[in-house]
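None of the values given here were measured: they were computed from a predicted structure. Quick note: numbers below take in every heavy atom, side chains included, and nothing from hydrogens, waters or symmetry partners.
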Protein chains: 2
Amino acid sequence: MKLSTKGRYGLKAMVDLAIHSQDKHIALRHIAERQDISEHYLEQLIAVLRKSGLVKSVRGAQGGYSLALAPDEITVGDILRALEGSLAPVACVDENVTEECSEWDFCVTRVVWKEISDKVNEVVDSITLSDLLEEYNKKNSGKEYMYYI
Amino acid sequence: MKLSTKGRYGLKAMVDLAIHSQDKHIALRHIAERQDISEHYLEQLIAVLRKSGLVKSVRGAQGGYSLALAPDEITVGDILRALEGSLAPVACVDENVTEECSEWDFCVTRVVWKEISDKVNEVVDSITLSDLLEEYNKKNSGKEYMYYI
DNA sequence: GGAAAACCGACTAATAAACTAGGAATTAAA
DNA sequence: TTTAATTCCTAGTTTATTAGTCGGTTTTCC
């Protein structure tokens, strides 16, 4: 039930963008340095986020990335599901997977998986980047430069 | 964020025990057959459950396993945590892991992981084997032998 | 034209998951 | 008292996934 680095790094990168890319774009290199993530690896993650429409890019020298939407329009759920796929603990309660398992009608453990799935999605869909930005400002008020996320 | 087969098989096996081992013990082979799980593999899982005090065993011929506690005294959380370890999505919100990460004081994503962790534990701790047993009886009332779980 | 960036696809190392194998110890029943 | 059925234990193996690395191509500012 652990999240992979994709989801963790991806969310950190998105919060970094929310903090630093207000009406400008910033180079991946800077995000990677601040968050201490391999640049090449982060490149792959941000490619997914771009294809999901959460991030937009400017190519060429002085190019970079910025959020494709306002921070309050991007939820943690959007980010995590883009990078990790469904957050359902088992496939049978993943709404994108249509094939029912052979034991569907009699399965009693499914109610457990379904409840977990629902609660997890409820949590991540209720938190936006804007909420995390606020949390960041609270924790770092008065401090010069605090890039940790 | 997927559960491994350990948790899934383990819960199935425990529900199977709740159904079939009322004041008797049953051989692992039967559970493995009914639930279609490799016997040797299930053996390793049930060893963990035994060491966690959720299952008790009788050795030798005609031996087998039974629940160590009443079904309403065993939660899904007990079973899953025994087999999967902590259900926290990242280590920093796992209460058994004491070491704080270097960014602890400024980290803003931790609130997300903490909320997920709390909700998941809330769900699994609120469902007992007795609840699943009831669910089983409801779904299989009137049917001859339905072993699916 | 050169440098700084995003973009792209393939390859690789490390780790974890999901078993498999083979036997030792125990005990009921024949 | 032997035999067969069962739990118990440790180690090995295979497969899949994770978490990267590598080496470029393309685009665009200066």
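- In summary, A/Glu135 and A/Lys139 engage in a salt bridge, as defined by a charged side-chain N under 4.0 Å from a carboxylate O.
- Rounded to a whole Å, the NE2 atom of B/His40 is 14 Å from the C1' atom of D/dA5.
- Rounded to a whole Å, the CD atom of A/Glu39 is 11 Å from the P atom of D/dT21.
- Here D/dA5 presents its P atom at 17 Å from OH of B/Tyr65, a figure rounded to the nearest Å.
- Among D/dT28, D/dT7, C/dA28, the nucleotide with an atom closest to any side-chain atom of B/Gln62 is C/dA28.
- Counting non-hydrogen atoms under 4.0 angstrom, B/Ile46 reaches nothing in the nucleic acid.
- Between the CG atom of B/Asp36 and the C1' atom of C/dA18 there is a distance of 14 Å, rounded to whole Å.
- Here the side chains of B/Val55 and B/Met14 are in contact, with some heavy-atom distance below 4.5 Å.
- Side-chain nitrogen and oxygen atoms of B/Ser57 include none within less than 4.0 Å of the OP1 or OP2 phosphate oxygen of D/dT6.
- For the OP1/OP2 pair of D/dA19 and a distance below 4.0 Å, the side-chain nitrogens and oxygens of A/Thr5 include at least one atom meeting the criterion.
- Side-chain nitrogen and oxygen atoms of A/Tyr9 include none within less than 4.0 Å of the OP1 or OP2 phosphate oxygen of D/dA19.
- The CG atom of A/Leu80 sits 6.5 Å away from atom CD1 of B/Ile116, with the distance rounded to the nearest 0.5 Å.
- The CG atom of B/Leu45 sits 10 Å away from the C1' atom of C/dA18 (whole-angstrom rounding).
- Regarding B/Arg29, its CZ atom lies at a distance of 9 Å from the P atom of D/dT7, rounded to whole Å.
- Here A/Arg50 lies in heavy-atom contact (under 4.0 Å) with sugar-phosphate atoms only.
- A/Gly63 comes within 4.0 angstrom of sugar-phosphate atoms only, judged by non-hydrogen atoms across all strands, and of no base.
- Closest to the A/Arg59 side chain, of the nucleotides D/dC30, D/dT28, C/dA28, is D/dT28.
- With a 6.0 Å radius and a threshold of 12 heavy atoms from other residues, nucleotides or ligands, B/Asp36 has its CG atom at or below the threshold.
- Distances shown here put every side-chain N or O of A/Tyr41 at or beyond 4.0 Å from the OP1 or OP2 atom of C/dT12.
- The nearest whole Å value for the distance from the CE atom in A/Met1 to the P atom in D/dT18 is 15 Å.
- The existence of a salt bridge linking B/Asp94 and A/Lys2 is excluded, since no basic side-chain nitrogen approaches an acidic carboxylate oxygen closer than 4.0 Å.
- Across the protein-nucleic acid pair, B/Gln44 atom CD and C/dA16 atom C1' stand 14 Å apart, rounded to whole Å.
- Dashed line: the shortest gap from a side-chain N or O of A/Ser4 to OP1 or OP2 of D/dT18 is not under 4.0 Å.
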